[in-house]
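In what follows, every chain begins at residue 1, and chains take the letters A, B, ... in the order their sequences are listed.
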Amino acid sequence: MNAIATGHEDLIHDIAYDHYGRLLATCSSDQFIKLFTRVVPSAEWTLLSSFKAHDANIFSLSFAPPQYGLLLASCSEDQTVRVHSSIDNGHTFTKIATLSDSGGPVHQVAFAKFGGHGLKLACIGADGVVRVYHAADPADLRQWHLAFEKVVDKDGLLSTGVAARDLQGDFAVDWCPSGTVRASWFTYELGIDMDDVELPRVDRLTIAELAVEQFVASSMSKVVVFRKRLNGGIYEYEPTEELPGHTDIVRDVAWASNASVGGRYELIATACKDGWVRIFKLTTRRMGVRATEYQNGAAGTVNGNGEIGADEDDLGYEVELLDQFDHHKSEVWKVSWNFSGTVLSSSGDDGRVRFWRAAYTGKFVGLGVASAEQGSNDEMDE
Amino acid sequence: MCSSTPSSMSGAGPTSFSPSVGDPRPIFSTFKEPMGTPAKGSSSTTKLFTSPLATGRTATVEDIGDISEDQEEVKDEDDSVFTYTLQDAPIAAGRLRDWQDRKRTLKFTLPPLYNNGIAWIDGKKVDGEDQVPIVPDEMKIFPAEIPDSAYSDEYTKFVIDSHELYRALSGADQIGEPMDRSENILPKYATTFLQILDAARRRIFDERLSEAYVVCHCLFASYFADPGIMRAEAIMDWLNQYDPRPTTEETRDIMTTPVPYDEPGFWELVQKLALRGLFFQCSNCLKEAGIPCADPESKRALQTATSILETAPKGAQAFKGHRQWRARAIAFGEQCTKLSDARLRRGLIALANILRGDSDTILALSESWQEGTAALFLFHDPAPSRLSEYYQMAVAEFPVDLTVISEAGCAAVIAGDIPKALSVAERLDVCVAAHIADFCDRQRMLDDFYNVETLDLPPFRDWLFVAHAINCCANPGTWFIGAAYLRDTEGTAGLSIIRESITHVYLDTEATLTELLDLCKELQFDTEARQIVMAWSKLQLSRNQVGSALEWLDSIGNSLEIRAITWQLLESNLLKGPTLPDAILQRYLVSPHLCPAMIREFIAPYATYFAFKGHLNEGDIVEAAQYLASLIQFGFLPGRFFGALLGELLPLLDRSQPRAMPTSELIAIMNSLYQWEKDTRKYTEGIQFLAKSLSATREAVDMAEDDWRVEYANVSAKEVIKLVRSKLVTEVSRAYLEGA
């Protein structure tokens, strides 16, 4: 298919697809958002609408899950996140909310993809703070509640929390697309006496699916997983695991679906200024044991059986670097997964889009390259 | 957008197969294959993991670890993967550095389900540096797809046909039950699959698909041949299709001469025909060559030769008759040593040596390992257990060219390394590989193979089907086929992928919606079903099919949405004037008893307003007034509608027409008005809404003449309320005076 002239009058900073891949939104430094549509996936994109959405460069876009209607979030150098709604399939958009809590330009915005999480919007800005907004009433999407905010990392930030002007900074956020993870815990047979509880042995290993709500955020070179947990009676997102090894600014993060591995582990890809594409594997740790019930016996030793289970608050990951590639030999700016988490694309300063696919062993191998440079061979390069 | 038929690669390749007698227990390969063709498969690993059939020893995890260094070396070279150029590529050839100096970078995103994404150019803002002017290419977006993932219409047909065959086979086959050869239905289905694949490759002209066909044909010939023919015959048939020799031209060049026997290449032709098992052609050549028979022995020898050729054992009894036939060939060879004509003697002895399976002769006359293997197998001893032995002999003379993917795959087939063959097939075409693996699995050919790295991996057959199914799901028109395959795989991955992708399937028709919901019901995907219904109802709303949207929301019990939509209906009518309801909604309004209970409850306000307008249009102002009055007095009426509804009263309070409402009703309305004005929030909302309604009237082009706002368009909202109050008071006094 031919290249498409978007009609933007400045550089394009992001594109986003709606849930079905039928609508495509682009945003630009010209402060406009443009919507394109195609009748079938193989058809050409045609312009559907165009509107001025912000008062400065627009950095990022995200569509909400479709059960909330056609909603598009955008974020900008003007330090706001805006939510736009369309009731005519994208022909016109109306701004329904402006979220202005950021202390600096907002770099990335992302709706939670898993519909079971409710309508939630995460964003991260140059103040290094990741924020999550929640639309409590789906019938009134003008009302958004700031449910959570936290500084990802203070490194490189001034005391005011804003990125130093002489540093190139970057910040990214992405939700885990899966609503459940497979976790395991032990069931014990309990032997209890008058004075203490005994745990004689592991009886069996239970594997089940736990509901989970989590996202990954990056601030400069730090990448952290945030997971929703019960803390002092309140659910909030806690920083849990860090994805280590980045020696420079992380440009993008992308969380893959765990569907193709049956939820056994998670994959997160990062694009880094150090030229490396990294794929991290997060495997659920064997969860800790916590008594849920026990019985007191009469005088002497009474054996009772109880199940010791665990729940979402005990969930944790072992993080390992599964694969890394430096084929771009230059800064990598973007990573993107296919729907099943079996193909990763990376792109960057070498003018190439590189594709990596999951081999049978779970490792990733090169699949192909799409070059933006003319004259690249259609066969293998010499 | 891109050409995807690369030629054979050159460059770093794996070691060749090392010939040695096989270990009886092959070990599962690691599938880290070097790239033979750039379009599919892995990129840059090096050494082929040699099967124990080749090395004669059991592979271990350490072996896999040993090749990691080589892997790293090749991994650093990104030249070993398939590269294509974006259509209208924005960077001129050789000008990448200039482009980078402009502080530009490339970004790319994939869509939620499909494999064709968008690339675009972004700039790298560095504080303090001047921005480089934008050029037109930098305001474009560039479609790009995952290599080798998009289905053409023709390929989609192949996928559909393959799936139909798979379903038929699944229905006919009892998986897990050992089959004896007479009951084995697999050869029949294998033949059909091969025909489907052959038809596809002829339509599609894709080199990789053609190569996949070669591998598939080789494997089916080796393991799924028609029970009516000998395995050696099937393999020879495969070779003759894959690499037909001698060519028609070669044969014609010699046999159309006046005396073919005089041609220098005559005996080469005869020997090649014999080597390829083309016995009747060989016999005819001998008969029609014009061979001079100077003596009776020569004539007898020729007759014997043609007789042996024409009675070569074929079909189901071929194996049994082979020994006897070979004995005849041996005797014939001895007979030929006595011939006086030297040329004839040499030629016929060579022919006899071929027919009796003399390995030296066969290998000397062969031109490839495939030819040598097939000929040795056909002539020396067609016992299946000897195939690998002949293969080793042939590759000692003619190493396998592993740079040709199909050749590597066929070598693996002949060597008995089925996982390797499947791995090669997967790099060519995952649909073909998956179906081949299915056949192998049904024949229990994969039972002895296990993975040395970890036992946690899924069965390879399942992994291939999952890979194929993912491609199906990511291509329009084949999602349901992908889902069907996924359901048949072991473990949770298949269902997880269905769950992940099902909500992304575009709801183009109600038929698609129904099919998706049926699947959700079957698989107990309740959450996904709700999401799909919600999304469909939103789509219906955007198409002004409100009734349909409400019905679907009712089916999932979403009262919140129903309530929101029904209030929205009222609001829209108050703002824009009455609109014609869609057919479903109309039916509910006219016949409430047909309306589901939940919808009936929430739609009541709108239905009341609709009835009010209906009676008003018919001139039945008393009835109209009753409906309007009941709506105004409705306890759950949102405050913002109150002002607009009061405004609707104005035509009914006209003194020039008969009184529309009884005194009690008037007083009740006045009381409601009073309560509304007392509530500051509701009053403010109501005034704002009324003002908006009046403003809409002023801007409207086609306002209905009987809309009350036409007369009051330039009156403020508060003035309208004041007027309503005044008219209500007047009406009450009128009623008093009339003695009501």
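Of the listed residues A:D88, A:D10, A:D140, the one with more heavy-atom pairs under 4.5 angstrom with chain B than any other is A:D10. Contact tally against chain A (heavy-atom pairs below 4.5 Å) for B:I134, B:L495, B:V466, B:L96: the top residue is B:L96. Between chain A and the options B:G94, B:S542, B:A564, heavy-atom pairs under 4.5 Å are most frequent for B:S542. Residue with the most contacts toward chain B among A:S340, A:A16, A:P177, A:S178: A:S340 (heavy-atom pairs, distance under 4.5 Å). Of all the listed residues (B:W567, B:Y506, B:W536), the one sharing the greatest number of non-hydrogen pairs under 4.5 Å with chain A is B:Y506. Contact count versus chain A (heavy atoms, under 4.5 Å) is highest, among B:I565, B:L541, B:I498, B:I146, for B:I146. Heavy-atom pairs under 4.5 Å with chain B were tallied for A:I87, A:N2, A:L70, A:V343; the largest tally goes to A:N2.
Only the side chain of B:Y114 has a heavy atom closer than 4.5 Å to any heavy atom of chain A. In this structure, the portion of A:A358 lying under 4.5 Å from any heavy atom of chain B is its backbone and not its side chain. Proximity to chain B involves both the backbone and the side chain of A:D14, based on heavy atoms less than 4.5 angstrom apart. Only the side chain of A:W45 comes within less than 4.5 Å of a heavy atom in chain B; its backbone stays farther off. In this structure, chain A has a heavy atom under 4.5 Å from the side chain of B:K538, while its backbone stays farther away. Contact of B:T503 with chain A is made through backbone and side chain together, with heavy-atom distances under 4.5 Å. Neither the backbone nor the side chain of B:V533 comes within less than 4.5 Å of any heavy atom in chain A. For B:Q100, the part sitting under 4.5 Å from any heavy atom of chain A is the side chain, from C-beta outward, and nothing else. Heavy atoms of B:A535 lying under 4.5 Å from chain A belong to its backbone as well as its side chain. Heavy atoms closer than 4.5 Å to chain A are found in the side chain of B:L539, but not in its backbone. Contact annotation for A:S260: both backbone and side-chain heavy atoms come within less than 4.5 Å of a heavy atom of chain B. If you measure heavy-atom distances from B:I470 to chain A, the contacts under 4.5 Å come from both the backbone and the side chain.
Taking 4.5 Å as the limit, some side-chain heavy atom of B:I118 sits within range of a side-chain heavy atom of A:L24. B:T105 has its side chain out of reach of A:H328: every pair of non-hydrogen atoms, C-beta onward, lies at least 4.5 Å apart. Using a 4.5 Å heavy-atom threshold, the side chains of B:T109 and A:K334 count as touching. A:F355 places a side-chain heavy atom less than 4.5 Å from the side chain of B:P147. A:I12 is not listed as a side-chain neighbour of B:I121, based on a closest heavy-atom distance of 4.5 Å or more. Here the side chains of B:D148 and A:L367 are not in contact, with every heavy-atom distance at 4.5 Å or above. Looking at B:Y84 and A:S371, their side chains never come closer than 4.5 Å, going by heavy atoms from C-beta outward. At a threshold of 4.5 Å between non-hydrogen side-chain atoms, the residues B:W120 and A:T6 do not count as touching.
A side-chain donor-acceptor contact under 3.5 Å links A:S347 to the backbone of B:F108. Listed for the B:H504 side chain is a donor-acceptor partner under 3.5 Å among the backbone atoms of A:H19. For B:D88 (side chain) and A:A3 (main-chain N/O), a donor-acceptor pair under 3.5 Å exists by modelled atom type. In this structure, the side chain of A:Q374 engages the main chain of B:A89 through a donor-acceptor pair within 3.5 Å.
Of all heavy-atom pairs spanning A:F339 and B:S501, the tightest one is CE1-CB, 3.4 Å. Listed here is the closest heavy atom pair of B:V505 and A:Y20: O-CE2, 3.4 Å.
Between A:E331 and B:K103, no side-chain nitrogen of the basic residue sits less than 4.0 Å from a carboxylate oxygen of the acidic one, so the salt-bridge criterion is not met. Checked for salt-bridge contact, A:E373 and B:R95 miss the test: no charged N lies under 4.0 Å from a carboxylate O. A salt bridge links B:K124 with A:D349: the distance from a Lys NZ or Arg NE/NH1/NH2 to an Asp or Glu carboxylate oxygen falls below 4.0 Å.
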Pair B:L86-A:R352, side chain to side chain contact (heavy atoms under 4.5 Å, CB included): steps then yes or no: CA-CA 10 Å; B:L86 297 179; A:R352 304 300 195 258; over 6 Å; no

Go through the steps for A:M1 and B:N116 under the test side chain to side chain contact (heavy atoms under 4.5 Å, CB included), then give the verdict. CA-CA 10 Å; A:M1 268 189 277; B:N116 48 357; 4.2 Å; yes

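Using bins of under 30°, 30° to 60° and over 60° for the plane-to-plane angle, the ring pair A:Y360/B:W463 lands in the perpendicular bin.
In this structure, CZ on A:R357 lies 12.5 Å from OG on B:S149, to the nearest 0.5 angstrom. A distance of 4.5 Å separates CD1 in A:I4 from CD1 in B:I141, rounded to the nearest 0.5 Å. For the atom pair CD (A:Q67) and CZ (B:R530), the distance works out to 10.0 Å, reported to the nearest 0.5 Å. One finds the CE atom of B:M139 at 9.0 Å from the CG atom of A:D30 (value rounded to the nearest 0.5 Å). Between B:L110 atom CG and A:W337 atom CH2 the span is 11.0 Å, to the nearest 0.5 Å.
Heavy atoms of other residues, nucleotides or ligands lying less than 6.0 angstrom from CZ of A:R142 number 12 at most. Atom CD of A:E44 sits in a crowded spot, with more than 12 heavy atoms from other residues, nucleotides or ligands closer than 6.0 Å. Within a 6.0 Å radius of CZ in B:R102, other residues, nucleotides and ligands contribute more than 12 heavy atoms. Counting non-hydrogen atoms of other residues, nucleotides and ligands closer than 6.0 Å to CG of B:D101 gives a total above 12.
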